[in-house]
Amino acid sequence: MAQGDVVLCPDGAGQYRIGEITGDYTYAQGDDLPHQRPVRWLDHIISRSDMSESLRNSCGSVGTVSNVSKHTDEIEQLL
């Protein structure tokens, strides 16, 4: 991930918040979530039910970070 990248973050209720990375990685020792990047959260929310099956599968992959850049056109339409 790099500054300027767009991120989708699940909210646990079937929706995804959208943000833009605004700075470099930092490590905050002692924090519950020590691996950090500043993010500017947008007012847009994407419902999982509005996504194509392919995008849902990409967002639901196992792991902390998934690359969904092959779905850029669909994400832009959903916004």
Side-chain angles (χ1 to χ4, degrees):
M1 294 190 301
Q3 188 169 345
D5 284 353
V6 173
V7 295
L8 282 72
C9 180
D11 68 359
Q15 297 183 33
Y16 286 79
R17 301 266 329 263
I18 310 301
E20 179 183 352
I21 296 174
T22 59
D24 294 328
Y25 166 85
T26 59
Y27 181 77
Q29 187 170 350
D31 279 8
D32 289 339
L33 301 170
H35 303 281
Q36 301 175 4
R37 284 187 179 269
V39 175
R40 179 178 59 91
W41 294 105
L42 308 177
D43 289 332
H44 300 287
I45 295 176
I46 296 176
S47 175
R48 187 170 172 81
S49 64
D50 291 338
M51 296 177 172
S52 68
E53 181 178 359
S54 178
L55 178 54
R56 284 194 308 269
N57 290 341
S58 293
C59 287
S61 65
V62 176
T64 303
V65 176
S66 301
N67 184 341
V68 295
S69 58
K70 68 180 182 180
H71 301 285
T72 299
D73 291 340
E74 178 181 354
I75 293 167
E76 286 176 353
Q77 288 177 350
L78 291 169
L79 293 175

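Scope of the values below: all heavy atoms of this structure, side chains included, with no hydrogens, waters or symmetry mates. Fair warning: this is a prediction, and the values are worked out from it, not measured in the lab.
- Remark: S52 engages E74 in a side chain to side chain donor-acceptor pair (under 3.5 Å) (not counting sequence neighbours).
- Of all heavy-atom pairs between C9 and W41, the closest is CB-CH2, 3.8 Å.
- Every side chain to side chain donor-acceptor pair (under 3.5 Å) that N67 has, sequence neighbours left out, goes to S69.
- The two residues M1 and V7 make their nearest non-hydrogen contact at SD-CG1, 4.2 Å.
- Partners of E20 according to the salt bridge (Lys or Arg N to Asp or Glu O under 4.0 Å) rule, which considers only residues two or more places apart in sequence or in another chain, are R40.
- When the side-chain contact (heavy atoms from CB on, under 4.5 Å) test is applied to E76, the partners found at least two apart in sequence or on another chain are T72, D73.
- Annotation: side chain of P10 is not in contact with side chain of Q15 (no heavy-atom distance under 4.5 Å).
- Between S58 and K70, the closest heavy-atom pair is OG-CE, 4.0 Å.
- N57 places no side-chain N or O within donor-acceptor distance of the main-chain N or O of S54, the cut-off being under 3.5 Å.
- Grouped by direct or indirect side-chain proximity (heavy atoms under 4.5 Å, Ile/Leu/Val/Met/Phe/Trp/Tyr only), L42 sits with V6, L8, Y16, I18, I46, M51, L55, V68, I75, L78, L79.
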Side-chain donor-acceptor pairs of residues 25-32 under 3.5 Å, sequence neighbours excluded:
residue: Y25; atom: OH; partner: H35; partner atom: ND1; Å: 2.6
residue: D31; atom: OD2; partner: Q36; partner atom: NE2; Å: 3.0

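- For the residue pair R48 and C59, the shortest heavy atom distance occurs at NH1-CB, 4.2 Å.
- The heavy-atom pair separating R37 from G23 by the smallest distance is NH1-O, 3.4 Å.
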